[in-house]
Amino acid sequence: MDLTREEEAILNGESGEGMQKAMELVTALGKIYGAEDLIDITSAHLSGASYKTIGDGGLKYLEDMAAGGARVSVPSTLNPVGMDRDRWREMHITPEFAEKQLRIIDLYGQMGVQKTCSCTPYTGANVPSFGDHVAWAESSALSFVNSYIGARTNREGGPGALAAAILGKTANYGLHLDEKRRPTKVIEADIDGSVFSYSLLGQAVGMAMGSGIPYFKGISPELEEAKTLSAAMAAAGSVALWHAEGVTPEAGSFDVSDLEVIHIGKRELEAAYDKLNTVDDVQLIALGCPHLTEKEMHQIASFLKGKRKVRDDVEIWFCTSEEVRARCPEDVKVMEEFGPVLADTCMVVAPIEGAFQRTGTNSAKAGNYLPTLCSQKAMVRDVSALLEVVM
């Protein structure tokens, strides 16, 4: 790789141990993927924030980085953590887990990372612009900003994104390059346009493609639909970038006339639904994967207003960011009659397997991860259908 004189100096340890470790990791990744040089980034979003997912090994790594003087050099945000910082007891979290989780958040703070912990930082805390090069590590968030905003990031891992945040640089390969952002298949979608139908569409496309870059015809997603679609495709497959005709900013740059066409309609959506659903009754209903937006908070509160929860054997969690929760006090008041509105956490990265075995969600992303990461049997339905289970 071609490094500048300044980059060589960092690699040689002239800017401290933290910077050196970061440069070693970023250049190693660059060499693996054939990058010719490094490129400046404008922001980072970091995974590896939940104690459940990184454990004591990850905690030790963060302690070593902080002790070595590592500090981020670009605006950087965190992924959801394993609990609500104030309401962890309501989530059946042990004091031992809570102590280590709070330590992880503190260490990231020492390194200059914003302690806003959300999988939807693009709704307020961290909003890239079209064409920005960034280093993002959350699969649904990076797909959203790559696609709907037109920023540029690879599917970074947690340590790689942290290293890039410290340097303010990442290796220049993959989706940072024009030629790697071309669509690989056309998707003709026939859906009803509901947010849940976008989740099933993403599941069906992930199942059909695995990886690659889909180019959609026949859909008009707004923010909520785009985040849901991104999340499902990233979980069911490994899609990190998609284009939608007439919607996403790069879609008009490509001639797709010679690409293979995949049709997603009723049959494919039913197959996706059947794959996700493995149980008919639940102990927990968890909404907010990815985190609920203000619009979704309003919609859920409107649906619940005047209704009553009659099943005490089913808990309901509403997961969003602290920022969104603070902006929706009236909605929160209605929702809290049914269950806690939890901030900066979600059911996937929380240790729910200690208290539950069957969980309901409206998210195909969660439907994929709940069985593997949380030992759950899953029910995946539209929000209204889920909430009617307890009424």
Side-chain angles (χ1 to χ4, degrees), residues 47-54 59 77-109 113-121 123-125 138 282-294 296-298 300-301 304-305 308-309 311-363 366 369-370 373-374 376 383 386-387 390:
S47 61
S50 170
Y51 176 64
K52 173 181 174 176
T53 58
I54 70 171
L59 176 55
T77 45
L78 275 181
N79 227 27
V81 292
M83 64 187 202
D84 184 302
R85 278 168 276 197
D86 299 316
R87 304 178 68 174
W88 51 270
R89 291 175 181 85
E90 296 176 61
M91 301 176 65
H92 314 280
I93 300 293
T94 66
E96 294 76 18
F97 184 101
E99 180 182 1
K100 292 183 177 182
Q101 181 62 82
L102 293 172
R103 176 62 176 156
I104 289 168
I105 299 170
D106 180 64
L107 287 166
Y108 276 116
V113 179
Q114 298 176 43
K115 293 190 284 187
T116 52
C117 307
S118 177
C119 49
T120 59
T123 60
E138 205 283 331
V282 294
Q283 299 159 300
L284 170 68
I285 293 172
L287 305 178
C289 179
H291 275 165
L292 297 170
T293 64
E294 286 183 71
E296 289 171 319
M297 295 279 284
H298 297 331
I300 291 171
L304 292 175
K305 195 167 186 177
R308 187 168 62 92
K309 182 173 181 278
R311 286 189 60 179
D312 293 332
D313 60 327
V314 180
E315 292 189 32
I316 303 177
W317 293 358
F318 306 98
C319 301
T320 189
S321 66
E322 177 60 47
E323 185 178 2
V324 168
R325 184 172 69 177
R327 292 201 298 255
C328 303
E330 295 304 314
D331 298 324
V332 169
K333 188 182 302 184
V334 173
M335 295 160 74
E336 289 277 356
E337 295 179 12
F338 290 78
V341 179
L342 303 171
D344 293 358
T345 186
C346 83
M347 73 296 288
V348 171
V349 296
I352 65 170
E353 55 273 17
F356 308 102
Q357 294 80 46
R358 305 185 307 278
T359 296
T361 178
N362 66 322
S363 162
Y369 290 151
L370 285 168
L373 299 180
C374 306
Q376 301 293 298
V383 170
L386 279 174
L387 294 177
V390 302

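Numbering of residues begins at 1 and proceeds along the displayed sequence. Because the structure is predicted, anything quoted here is derived from the model rather than measured.
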Under a 3.5 Å distance rule, please check whether Q283 uses its side chain to pair with a backbone N or O of R358 as donor and acceptor. yes
How long is the gap from SG on C328 to CZ on F318, to the nearest 0.5 Å? 13.0 Å
Non-neighbouring partners of F97 that pass ring pair (Phe, Tyr, Trp, His ring centres under 6.0 Å), sequence neighbours left out: Y51
Under a 4.0 Å threshold between the charged nitrogen and the carboxylate oxygen, would E323 count as salt-bridged to R327? yes
Donor-acceptor check, side chain of S50 to backbone of V349, threshold 3.5 angstrom: yes or no? yes
Distance alone, cut at 3.5 Å: any donor-acceptor contact between the side chains of H291 and S118? yes
Run the side-chain contact (heavy atoms from CB on, under 4.5 Å) test against A366 and tell me which residues pass, sequence neighbours left out. C289, M347, V348, T361, S363, L370
Roughly how far, to the nearest 0.5 Å, is NE2 of H298 from CE of M335? 10.5 Å
What orientation do H92 and W317 show, parallel under 30°, tilted 30 to 60°, or perpendicular over 60°? parallel
Please determine whether a side-chain nitrogen of the Lys or Arg among R89 and D84 lies less than 4.0 Å from a carboxylate oxygen of the Asp or Glu. no
Begin with the C-alpha distance, continue with both residues' side-chain angles, and end with the deciding distance and a verdict on side-chain contact (heavy atoms from CB on, under 4.5 Å) for V383 and L287. CA-CA 8 Å; V383 170; L287 305 178; 4.0 Å; yes
Could you check whether E336 pairs with R87 (Lys NZ or Arg NE/NH1/NH2 to Asp/Glu carboxylate O, under 4.0 Å)? yes
Please confirm whether the backbone N or O of G82 pairs with a side-chain atom of Q101, one donor and one acceptor, at under 3.5 Å? yes
Polar contact flag, side-chain donor to acceptor under 3.5 angstrom, Q376-Q357: no
Gap between atom CE of M91 and atom CD1 of I352 - 0.5 Å precision: 9.0 Å
Residue pairs fulfilling salt bridge (charged side-chain N to carboxylate O under 4.0 Å, His left out) with at least one residue in residues 341-355, sequence neighbours excluded: K52-E353, R85-D344
Determine yes or no for a side-chain-to-main-chain donor-acceptor pair under 3.5 angstrom, with K100 supplying the side chain and P95 the backbone. no
Looking at L59, is its backbone amide N or carbonyl O close enough to the side chain of R103 to form a donor-acceptor pair, meaning the two atoms are under 3.5 Å apart? no
For G48, is there any backbone N or O sitting under 3.5 Å from a side-chain donor or acceptor partner on T53? no
Do D331 and I300 have side-chain heavy atoms sitting under 4.5 Å apart? no
